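Predicted model, so just to flag it, every value in this text is computed and none were measured. Whatever order the structure lists them in is the order used to number ligands and atoms, beginning at 1. Count residues from 1 along the sequence.
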Amino acid sequence: MRRIAAVAAALLILGIVGVSAYFAGMRAKEPELPPPRAEISVEETDNEVFGRYYPREYESYKKNYDMSKGPSVYGGSQERSNLEAYPYMKTLWKGYGFAEEYNEDRGHVYAIEDVKKTKRNPPKAVCWTCKSTEVPKAIREMGDAYYSTPFKEAAGRFKTPVGCSDCHDPKTMQLRITRPAFIEAMEREGKDVTKANRQEMRTYVCAQCHVEYYFEKDTYKLHFPWEKGKDPEQVYNYYQEIKHTDFTHPDSGTEVLKGQHPDYEMFLDGPHQSRGVACADCHMPYIVQGNTKISSHWWTSPLKHMESSCGVCHRGSMEELRQRVLYTQDRTKDLLDRAGKANVEAINAIAEAAKNPRVNKNKLAEARALHRESQWYWDWVSAENSMGFHNPQKAMNTLGKSLDLASRARDLARQAVQP
Ligand code: HEC
Ligand code: HEC
Ligand code: HEC
Ligand code: HEC
């Protein structure tokens, strides 16, 4: 009996060692951080200056000008209109800037150009926050007054799009966080971002921009709404508590919320994040540049370079894996459209009921509340950038809730008119 226990224990230990060796083997050998070049000043924001010292990373950074769609179906850098691809969005965003123009995101190097030309007319400097690498300096110099400065008045300060100093300490090239809103949101959770480990930082540098946010009343200060948690339901409850609204829908009278791009929040608890995979693992894979291994600085759809992004951990055919991604994305898109159209039906039913003098005001208010929540859940998946891939279960669950709430809103609006 004792011998069996010993053999079992030995097998167990071997198993644990085997599994951890397997997971360790999954990660490619990381490139060494080159010795720090103290010549770069802490205030430096010019990518070209960094490029002189780190030419290989700079070379790959320049690939961000590439505007191809690649083999991607739902992503890729090509600039295209979401309003054309999803015509029902025009009804959902009626009365708000997003109904005028709503384009698919593209590369980091276009961030300044795109925010300058959008017809949505950003009102305040806060809209520069995730576009330019000169922003942290502006915040240091201007304090919180930066956020509410008129957008055009601040424009002269910002010439360099997302760049090296946003994620790197110029002296040591260690990863760092430069956006106060992320640091403050983590502080509220009792987390000190300067203590984060390397793998966490490989996600946090992205989470300073690729998240949901809102502007505080009057001050326009940037705020991440994570007080109750980072799931769409928790963020919704927080917005309910502070009574936040982005616009009132002209037809339905609903006080609507517009989501931003909750890429980080969606990614949490998904199949990859729960296994310790970071944004940079897929979006900044190790590549060979010249004779050296570096982290790719071309932020784009990983479907353009699956061998280096996914092949590190996933053996077998990359084409089959791409089909798995599409399987998730196609199904997410199907439910996204159904939920979007259900929200249009809710808007129309509420608008119809509101015009009727015999409407039950309480039921109408309740229908609007249901619509506010249903459109929020639809938008959470719509505004996120991976069409469900970052977290298939969360995407499907969130869309299911949207569909349910939108149908209830529509039915209630119809019942609200007394015969
Ligand atoms: C396991 C790999 C993986 C990880 C980890 C990952 N992503 Fe992605 N990401 C993808 C794939 C696959 C797509 C879909 C690309 C497409 O549809 O072409 C995508 C899409 C995107 C897009 C849209 C790209 C485009 O072409 O429009 C953004 C932005 C993005 N991810 C940001 C992030 C951020 C931020 C994180 C971390 C919080 C993250 N991703 C983590 C694989 C990953
Ligand atoms: C959006 C964030 C971000 C920006 C912007 C950025 N980097 Fe990086 N960089 C990273 C991450 C993440 C790593 C991987 C670090 C790690 O694994 O510890 C990295 C790694 C590096 C390294 C270490 C060696 C290597 O290749 O892994 C160098 C050098 C570097 N970057 C230079 C640059 C230069 C030069 C620029 C501007 C042209 C730049 N980076 C812009 C996030 C960024
Ligand atoms: C300082 C803010 C900021 C940081 C930090 C940042 N991003 Fe972005 N990212 C943006 C903006 C803004 C855009 C959209 C630019 C546009 O459409 O003009 C974008 C777009 C993207 C895209 C879409 C590119 C395409 O081809 O469609 C990907 C992928 C992406 N980011 C990944 C990442 C990853 C991964 C990280 C972390 C390593 C990161 N980003 C860090 C602001 C940021
Ligand atoms: C650092 C390792 C790592 C990288 C890089 C990685 N994956 Fe994964 N992937 C995993 C792990 C671990 C799982 C979970 C495996 C399991 O549960 O058996 C997983 C699961 C998956 C799944 C199935 C989960 C689901 O239900 O969606 C797909 C599909 C997938 N990965 C695609 C990709 C693609 C595409 C890329 C590249 C863009 C990629 N992965 C990059 C480690 C990785």
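Between Tyr61 and Tyr58, the two ring planes are parallel [angle under 30°; tilted spans 30° to 60°].
At a threshold of 2.8 Å, atom 8 (Fe) of ligand 2 has a backbone or side-chain N, O or S atom of His168 nearer than that distance. Here Cys310 fails the criterion, with no N, O or S atom under 2.8 Å of atom 8 (Fe) of ligand 4. In summary, Cys164 places no N/O/S atom under 2.8 Å from atom 8 (Fe) of ligand 2, failing the contact criterion. Between atom 8 (Fe) of ligand 3 and His210 there is an N/O/S contact shorter than 2.8 Å. For atom 8 (Fe) of ligand 4, the set of nearby N, O or S atoms under 2.8 Å includes none belonging to Cys282. At least one N/O/S atom of His108, whether from backbone or side chain, sits less than 2.8 Å from atom 8 (Fe) of ligand 3.
Those atoms of ligand 4 with a heavy atom of Val325 less than 4.0 angstrom away are 35 (C). The distance from ligand 4 to the heavy atoms of Pro392 drops below 4.0 Å at these ligand atoms: 27 (O). Every atom of ligand 4 with a heavy atom of Phe389 under 4.0 Å away is listed here by number and element: 32 (C), 33 (C), 34 (C), 35 (C). Of all the atoms in ligand 4, the ones that sit under 4.0 Å from a non-hydrogen atom of Pro302 are 38 (C). Taking every non-hydrogen atom of Cys313 and a distance limit under 4.0 Å, the qualifying atoms of ligand 4 come out as 1 (C), 2 (C), 3 (C), 4 (C), 5 (C), 42 (C), 43 (C).
Of the heavy atoms in Val312, none comes closer than 4.0 Å to ligand 4. Contact annotation: for Ile294 versus ligand 2, heavy atoms closer than 4.0 Å belong to both the backbone and the side chain. Under 4.0 angstrom from ligand 2, the non-hydrogen atoms of Met284 all belong to its side chain. When non-hydrogen atoms are compared, ligand 4 lies under 4.0 Å from the side chain of His314 (C-beta onward) but not from its backbone.
On a distance-only criterion, Gln393 and ligand 4 share no N/O pair closer than 3.5 Å.
From the protein, the heavy atom lying nearest to atom 12 (C) of ligand 3 is Cys130 O, 3.5 Å. In terms of protein heavy atoms, atom 18 (O) of ligand 3 is closest to Asp114 OD2, 2.5 Å.
Between Leu175, Asp105, Asn64, it is Asp105 that holds the heavy atom closest to atom 23 (C) of ligand 3. Among Ser77, Pro136, Ser132, the residue whose heavy atom sits closest to atom 26 (O) of ligand 3 is Ser77. Selection from Gly75, Cys206, Ala280, Ser72 by nearest heavy atom to atom 36 (C) of ligand 3 gives Cys206. Nearest-heavy-atom check against atom 14 (C) of ligand 3 across Lys69, Arg106, His283 picks out Arg106. Between atom 43 (C) of ligand 3 and the options Cys167, Gly70, Pro161, Cys209, the minimum heavy-atom separation is to Cys209.
At a 4.0 Å cut-off, not a single heavy atom of Tyr53 sits close enough to ligand 2 to count as contact. Taking 4.0 Å as the cut-off, Thr328 does not count as a neighbour of ligand 4 on heavy-atom distance.
Although no hydrogens or angles enter the test, the distance criterion places no donor-acceptor pair under 3.5 Å between the side chain of Thr118 and the main chain of Asp114.
His272 contributes atom NE2 as its closest N/O/S atom to atom 8 (Fe) of ligand 4.
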Verdict with supporting geometry, Tyr239 and Tyr214, ring pair (Phe, Tyr, Trp, His ring centres under 6.0 Å): CA-CA 10 Å; Tyr239 281 152; Tyr214 76 102; 5.6 Å; yes
